[in-house]
Amino acid sequence: MEKVVLVNPQDEVLGQMEKMQAHENGLLHRAFSVFLFNEKGEMLLQKRAGEKYHSPNQWTNACCSHPRLDESYLDAAKRRIKEELGIDCELTEKFHFIYKADVGEGLWEHELDYVFSGNFDGEFDLNPEEVSEIRYVSISDLQQEISENPDNFTEWFKIIWDEYRNQLN
């Protein structure tokens with residue numbers, strides 16, 4: 001049973017809770033998000049596997065997940081891109097912020113989210129339990145897709161992408 005690390009807004013650990021329970025109760029927990037870009041500056045999107053318990057078959061950023069209790073945000077991000085995408089690459093911390101999003105089915109993402117970015121142009125080895133497909137998209141095409149078909153994208157990705165653009169502009 002996977003657990004998340006519950007924290008206060010200052011990132012002080014309050015305890016652990018089973019992931020589903022934390023999402024049902026909308027409790028603040030540690031998370032990370034990874035944005036990957038190719039040499040053309042296009043962003044990697046992953047389509048969540050159809051079997052995922054929330055937000056299945058929706059497009060999102062390269063990787064999002066939760067660090068374990070004694071794991072750094074960066075180590076967790078590197079672990080998950082290996083587990084989901086089958087790759088290793090250098091990641092740089094960009095910023096962190098807190099958000100809360102209704103992801104449907106009575107579930108909430110309420111996360112202290114550390115956002116990382118990296119560059120990758122190699123081959124992927126996708127984990128089919130996590131990812132059904134991937135693609136690179138230009139920033140302008142991504143903006144257009146989100147505005148025309150927002151339901152094709154995870155709620156948290158839309159929030160984090162807005163914050164990413166605001167922080168880095």
- [ ] Find the distance between CG (D125) and CD1 (I87) and round it off to the nearest 0.5 Å.
- [x] 10.5 Å
TODO: Answer with yes or no whether the hydrophobic clustering places L27 together with L107; edges join I, L, V, M, F, W, Y residues whose side-chain heavy atoms lie under 4.5 Å apart.
DONE: no
Open item on the list: Can you confirm whether R135 sits close enough to V137 that some side-chain heavy atom of one is under 4.5 Å from a side-chain heavy atom of the other?
Closed with: yes
Open item on the list: Would you say F116 ends up clustered with L85 if hydrophobic residues are merged whenever their side chains have heavy atoms under 4.5 Å apart, either directly or through other cluster members?
Closed with: yes
- [ ] Taking the side chain as every heavy atom from C-beta outward, state whether E83 and E130 have any pair of such atoms under 4.5 Å apart.
- [x] no
Task: Residue pair F153, Q58: steps toward the side chain to side chain contact (heavy atoms under 4.5 Å, CB included) verdict - done: CA-CA 5 Å; F153 297 88; Q58 284 186 309; 5.9 Å; no
Open item on the list: Using only atom types and a distance under 3.5 Å, with no angle test, would you say the side chain of E155 pairs donor to acceptor with the backbone of A101?
Closed with: no
Task: Minimum heavy-atom distance K47-N57, with the two atoms named - done: CE-O, 3.4 Å
TODO: Check the pair I81 / C89 against side chain to side chain contact (heavy atoms under 4.5 Å, CB included), numbers first and verdict last.
DONE: CA-CA 9 Å; I81 63 171; C89 75; 3.9 Å; yes
Task: Any F97 side-chain heavy atom under 4.5 Å of I159 side chain - done: yes
Task: Side-chain donor-acceptor contact under 3.5 Å, Q16 with R68 - done: no
TODO: Could you tell me whether the side chain of N127 and the main chain of E129 form a donor-acceptor pair under 3.5 Å?
DONE: yes
Task: Under 3.5 Å: donor-acceptor pair, side chain of R48, backbone of S55 - done: yes
Task: Contact summary for K158 and D151, nearest pair of heavy atoms - done: NZ-N, 4.4 Å
Task: Main-chain N/O of D11 paired with R30 side-chain donor or acceptor, under 3.5 Å - done: yes
- [ ] Please examine the side chains of E93 and Y114, heavy atoms only from C-beta on, and report whether any two atoms are closer than 4.5 Å.
- [x] yes
TODO: Run through the side-chain heavy atoms of Ile, Leu, Val, Met, Phe, Trp and Tyr, join any pair under 4.5 Å, and report what else lands in W108's cluster.
DONE: none
- [ ] Start with the C-alpha distance between F32 and S65, add both sets of side-chain angles, then the distance that settles side chain to side chain contact (heavy atoms under 4.5 Å, CB included), and finish with yes or no.
- [x] CA-CA 6 Å; F32 62 83; S65 192; 3.4 Å; yes
Open item on the list: I want to check something: taking the side chain as every heavy atom from C-beta on, are N152 and E145 in contact at a cut-off of under 4.5 Å?
Closed with: no
- [ ] Please check if the distance between the ring centroids of Y164 and F35 is under 6.0 Å.
- [x] yes
Open item on the list: Checking Y53 now: which residues fulfil ring pair (Phe, Tyr, Trp, His ring centres under 6.0 Å) with it, not counting sequence neighbours?
Closed with: none
Task: Nearest atoms (heavy-atom pairs only) where V5 meets P67 - done: CG2-O, 3.8 Å
Open item on the list: Are L142 and W156 linked, directly or through intermediate hydrophobic residues, by side-chain heavy-atom contacts shorter than 4.5 Å (ILVMFWY only)?
Closed with: yes
Open item on the list: Taking the side chain as everything from C-beta on, heavy atoms only, tell me whether L45 gets closer than 4.5 Å to F157.
Closed with: yes
Open item on the list: Hydrogens and angles aside, do Y99 and E111 bring a side-chain donor and acceptor to less than 3.5 Å of each other?
Closed with: yes
Task: Joint hydrophobic cluster, L91 plus V115, side-chain heavy atoms closer than 4.5 Å - done: no
- [ ] Grab the two heavy atoms, one from D75 and one from S72, that are nearest each other, plus how far apart they are.
- [x] N-OG, 2.9 Å
Open item on the list: Donor-acceptor pair, distance only, cut-off 3.5 Å: does the side chain of E2 make one with the backbone of E18?
Closed with: no
Open item on the list: Please report the interatomic distance CG(N61) to CD1(I160), rounded to the nearest 0.5 Å.
Closed with: 6.0 Å
- [ ] Indicate yes or no: at least one non-hydrogen side-chain atom of L36 is less than 4.5 angstrom from one of N119.
- [x] no
Open item on the list: With no hydrogens and no angle check, just 3.5 Å: does a side-chain donor-acceptor pair link H23 and H54?
Closed with: no
- [ ] Return the minimal non-hydrogen interatomic distance between K94 and S117, and the atom names on each side.
- [x] CE-OG, 2.8 Å
- [ ] Given side chain to side chain contact (heavy atoms under 4.5 Å, CB included), test F37 with L44 step by step and report yes or no.
- [x] CA-CA 6 Å; F37 300 89; L44 181 77; over 6 Å; no
Task: H96 backbone acceptor or donor facing D113 side chain under 3.5 Å - done: no
TODO: Drop me the distance from K3's NZ to Q21's CD, to the nearest 0.5 angstrom.
DONE: 9.5 Å
- [ ] Following the transitive rule for hydrophobic clusters with a side-chain heavy-atom cut-off under 4.5 Å over Ile, Leu, Val, Met, Phe, Trp and Tyr, establish whether I146 and I139 coincide in one cluster.
- [x] yes
TODO: Taking the side chain as every heavy atom from C-beta outward, state whether V13 and L69 have any pair of such atoms under 4.5 Å apart.
DONE: yes
TODO: With sequence neighbours excluded, tell me which residues meet side chain to side chain contact (heavy atoms under 4.5 Å, CB included) with L28.
DONE: V7, P9, I98, H110, L112
- [ ] Could you tell me the separation between the NE2 atom of H29 and the NE2 atom of H66, rounded to the nearest 0.5 Å?
- [x] 3.5 Å
Open item on the list: Between E42 and N38, is there a side-chain donor-acceptor contact under 3.5 Å, judged purely by atom types and distance?
Closed with: yes
- [ ] Write down the atom of K78, the atom of E90, and the distance for their closest heavy-atom approach.
- [x] NZ-OE2, 3.7 Å
Task: Flag if over 12 foreign heavy atoms under 6.0 Å of CD, E105 - done: no
Task: Inter-residue atom distance Q46.CD - F124.CZ, 0.5 Å rounding - done: 10.5 Å
Task: Distance, nearest 0.5 Å, that separates CD of E71 from CZ of R80 - done: 10.0 Å
